[in-house]
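Here is the structure we will look at.
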Amino acid sequence: MKTISILNLKGGVAKTFTAANMAYELYRRGYKVLLLDNDKQGNLSKAYGRYDAESVAPITKLLSGEWLNPEEIIQHTEYEGIDIITANMSLFGATWNLTKEENENQTERYSACKLWHYDYCIIDNPPDIGLNVINALAITDEVIVPVKLDNYALEGLDIVAEQIEDVKKYNQAIKLAGVLITSYQNTDGESAGVEWLQEQGVYNILGIVRYSKKVAESSFLQKPIYEYSPCCGAAQGYKKFVTAYTGKAR
């Protein structure tokens with residue numbers, strides 16, 4: 001199983017939308033996907049219609065060690081081949097409590113996920129580096145950083161790269177796969193931004209997802225963008241991105 005963390009320390013760059021639609025594109029190609037909603041806002045859980053604001057969230061049980069087997073925390077979605085471990089605000093308390101614990105496995109709480117039988121595990125992370133994110137990075141093979149091209153697009157990239165280097169102390173396999181440009185509009189400024197990124201040669205550009213009004217509509221209806229509007233620029237962007245990432249066309 002390959003574990004992928006979607007991470008950027010900036011908000012509003014389509015992290016959750018990327019996690020949700022990457023999972024769906026992998027599912028369309030016949031892969032079995034496990035989603036981990038690692039953000040207390042639970043937006044990935046909402047995207048797949050599995051959000052529960054009242055109960056202690058499954059991801060909270062995973063982080064705090066209060067579970068006995070995967071069946072207690074893994075939920076099926078309406079897509080046979082996409083399962084999810086959901087989140088809600090209870091994750092905030094579990095993360096805070098973990099910071100106060102004094103034991104040796106503070107960064108190993110998600111390690112059981114590596115034993116489960118999926119092709120891919122995709123983790124949607126919040127825009128911070130709390131212990132829940134550190135636990136996610138501890139089991140991550142590759143980090144994908146969604147970015148929107150603006151004057152501050154690269155500020156978070158350097159910090160993410162530094163965090164990845166720090167995590168290598170207990171996860172030597174982790175690496176930064178590259179950036180995924182989201183909400184791209186073919187203006188002179190954004191075109192220059194892409195060109196500048198390419199010239200730097202530091203961060204691999206994994207794909208470019210065009211801006212589309214259909215994104216907000218599909219999110220409101222809790223539908224993957226390809227299922228809702230397969231011909232729109234965003235749907236085609238995620239399709240091309242996942243095709244290139246996996247090396248398999250569909």
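Values in this document were obtained by computation on a predicted structure and should not be read as measured data. Start at 1 with the first residue, then count along the sequence.
- You'll find the side chain of Asn97 stays beyond 4.5 Å of the side chain of Ser64, heavy atoms only.
- Within 6.0 Å of CD on Gln172 lie no more than 12 heavy atoms contributed by other residues, nucleotides or ligands.
- Inter-residue side-chain proximity for Lys15 and Pro127 is flagged as met; some heavy-atom pair is nearer than 4.5 Å.
- Under a 3.5 Å cut-off, the side chain of Ser5 and the backbone N or O of Leu7 do not form any donor-acceptor pair.
- Salt bridge absent: Lys61 and Glu66 never bring a charged side-chain N and a carboxylate O closer than 4.0 Å.
- Inter-residue side-chain proximity for Ile164 and Lys175 is flagged as unmet; no heavy-atom pair is nearer than 4.5 Å.
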**OP:** Please report the C-alpha distance between Tyr245 and Glu142 in whole Å, then the side-chain angles of each, then the deciding distance to 0.1 Å, and finally whether the side-chain hydrogen bond (donor to acceptor under 3.5 Å, both in side chains) criterion is met.
**Re:** CA-CA 11 Å; Tyr245 188 78; Glu142 294 185 350; 2.4 Å; yes

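- At least one donor-acceptor pair closer than 3.5 Å links the side chain of Asn69 to the backbone N or O of Glu72.
- Other residues, nucleotides and ligands place more than 12 heavy atoms under 6.0 Å from the NZ atom of Lys114.
- Formation of a donor-acceptor pair under 3.5 Å by the Ser90 side chain with backbone atoms of Ala57 is found in this model.
- Contact of the Cys232 side chain with the Tyr211 side chain is not registered, since no non-hydrogen atoms from C-beta on lie closer than 4.5 Å.
- Put simply, the side chain of Asn88 gets close to the backbone of Ser55: a donor and an acceptor are under 3.5 Å apart.
- Residue Leu197 holds its CG atom at 9.0 Å from OH of Tyr203, rounded to the nearest 0.5 Å.
- A continuous path of hydrophobic side-chain contacts links Leu131 to Ile139 [ILVMFWY only; heavy atoms under 4.5 Å].
- Annotation: side chain of Asn186 is in contact with side chain of Arg210 (closest heavy-atom distance under 4.5 Å).
- Within 6.0 Å of OH in Tyr228 there are more than 12 heavy atoms belonging to other residues, nucleotides or ligands.
- At least one side-chain heavy atom of Leu26 sits under 4.5 Å from a side-chain heavy atom of Ile122.
- Of the possible donor and acceptor atoms, one in the side chain of Asn135 sits under 3.5 Å from a partner among the backbone N and O of Arg109.
- Counting heavy atoms from C-beta outward, Leu137 and Asn171 have side chains that stay 4.5 Å or more apart.
- With hydrogens and angles ignored, the 3.5 Å screen pairs a side-chain donor or acceptor of Asn8 with a backbone N or O of Pro146.
- Judged by the 6.0 Å and 45° rule, Lys32 forms a cation-pi pair with Tyr118.
- Trp116 CH2: more than 12 foreign heavy atoms inside a 6.0 Å radius.
- Ring-centre distance between Tyr79 and Tyr24: below the 6.0 Å cut-off.
- The side-chain heavy atoms of Thr3 and Met1, taken from C-beta on, include a pair separated by under 4.5 Å.
- Judged by distance alone, the side chain of Lys148 and the main-chain N or O of Gly12 form a donor-acceptor pair under 3.5 Å.
- Distance alone, capped at 3.5 Å, places no donor-acceptor pair between the Tyr110 side chain and the Leu62 backbone.
- If you take OG1 on Thr95 and NZ on Lys40, they are separated by 8.0 Å, rounding to the nearest 0.5 Å.
- No donor-acceptor pair under 3.5 Å is formed between the side chain of Asn125 and the backbone N or O of Asn38.
- The side chain to side chain donor-acceptor pair (under 3.5 Å) with Thr16 is formed by just one residue from the set Asp39, Asp37, Asp124; it is Asp124.
- Residue Tyr238 forms a side chain to side chain donor-acceptor pair (under 3.5 Å) with just one option from Thr18, Thr182, Asn21, and that option is Thr18.
- Without hydrogens or angle criteria, Glu25 side chain to Thr243 main chain gives no donor-acceptor distance under 3.5 Å.
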Subject >> Test log, rule salt bridge (Lys or Arg N to Asp or Glu O under 4.0 Å), inputs Arg50 and Asp83 >> reply: CA-CA 10 Å; Arg50 294 296 180 268; Asp83 294 341; over 6 Å; no

